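Step one of this worksheet: look at the structure below.
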Amino acid sequence: MSNRLFNSPFEMMLRVLLLLSQDKKNYYSVDKIVLLDFVSCYAADFQLPYSNLHGTNYYKFGEIASRRQLVQEAVKFLVTKGLIEVKVDNGYLFCISDSGLAYAEKFESSYATEYKLISKAAIKKFRKESDENILNLVRSS
């Protein structure tokens, strides 16, 4: 195992908590978490009124496959630690728990603050969209 901080399950675990903390009641699939995280990191490219947290990246679409694996690892860890809850309804769906929310609220960095703001807007914009519709939007951008 490497000691990477960026593009690691640890980084993804933190972003999943921040993302899910912006919608405390709804459950999301791994695919929707991946896509909402991607949109949150590249908000300007999806007509959200924010800059891209991860800068301009012409190869960003190559990140989606590796993000999915990172999200799966992060979700496993977060479920086992009681920071997110899981339910089964046409697959596994995830929602932040009270302890996960308390943990996420402790993040006070400028990145965390901006990520929460942007992810809240992404969730609002795409909450009712299917995973497939969001994926098609991401592919067409």
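Computed from heavy atoms alone, side chains included, the values below leave out hydrogens, waters and symmetry copies. Numbers here are sequence positions counted from 1. From a predicted model like this one, the values you see are computed outputs, not experimental measurements.
Residues passing the side-chain hydrogen bond (donor to acceptor under 3.5 Å, both in side chains) test with Thr113: none are found, sequence neighbours excluded. For Ser51, the side chain to side chain contact (heavy atoms under 4.5 Å, CB included) partners are Glu114, not counting sequence neighbours. Among residues two or more places apart in sequence or in another chain, the side-chain hydrogen bond (donor to acceptor under 3.5 Å, both in side chains) test is passed with Tyr50 by none. Scored by the side chain to side chain contact (heavy atoms under 4.5 Å, CB included) test, Glu132 finds Ser130, Asn136 as partners (sequence neighbours excluded). For Ser29, the side-chain hydrogen bond (donor to acceptor under 3.5 Å, both in side chains) partners are Asp131, not counting sequence neighbours. Among residues two or more places apart in sequence or in another chain, the side chain to side chain contact (heavy atoms under 4.5 Å, CB included) test is passed with Leu135 by Leu35, Arg139. Not counting sequence neighbours, Ser110 has no partner by the side chain to side chain contact (heavy atoms under 4.5 Å, CB included) test. Every residue two or more places apart in sequence or in another chain that forms a side-chain hydrogen bond (donor to acceptor under 3.5 Å, both in side chains) with Tyr27 is listed here: Glu85.
Within the structure, salt bridge (charged side-chain N to carboxylate O under 4.0 Å, His left out) pairs that include any residue of residues 88-113 do not occur (at least two apart or interchain). Residue pairs meeting the side-chain hydrogen bond (donor to acceptor under 3.5 Å, both in side chains) criterion with at least one member in residues 31-40, sequence neighbours excluded: Arg15-Asp37, Asp31-Arg68, Asp37-Arg67, Asp37-Tyr115. For residues 64-109, the set of pairs meeting the ring pair (Phe, Tyr, Trp, His ring centres under 6.0 Å) definition, not counting sequence neighbours, comprises Tyr103-Phe107.
A pairwise comparison of heavy atoms in Cys95 and Lys25 identifies SG-C, 4.0 Å as the closest pair. In terms of heavy-atom proximity, Ser21 sits nearest to Lys116 at OG-CD, 4.1 Å. The nearest pair of heavy atoms linking Leu19 to Ser119 is CD1-CB, 3.5 Å.
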- [ ] For Leu83 and Ile96, run side-chain contact (heavy atoms from CB on, under 4.5 Å): C-alpha distance rounded to whole Å, both residues' side-chain angles, the deciding distance at 0.1 Å, then the answer.
- [x] CA-CA 6 Å; Leu83 297 171; Ile96 196 160; over 6 Å; no

Enumerate, atom names and distances included, each donor-acceptor pair closer than 3.5 Å involving a side-chain atom of residues 120-129, sequence neighbours excluded.
from	atom 1	to	atom 2	distance (Å)
Lys125	NZ	Phe46	O	2.9
Arg127	NE	Asp23	OD2	3.2
Glu129	OE1	Asn133	ND2	3.2

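Here the side chains of Tyr28 and Leu93 are not in contact, with every heavy-atom distance at 4.5 Å or above. Considering only heavy atoms from C-beta on, Leu20 stays 4.5 Å or farther from Leu78 through its side chain.
Within the model, atoms CD1 of Ile118 and CG of Leu18 stand 11.5 Å from one another, a figure rounded to the nearest 0.5 Å.
Linking Ile, Leu, Val, Met, Phe, Trp and Tyr whenever their side-chain heavy atoms come within less than 4.5 Å puts Leu101 and Leu36 in one cluster.
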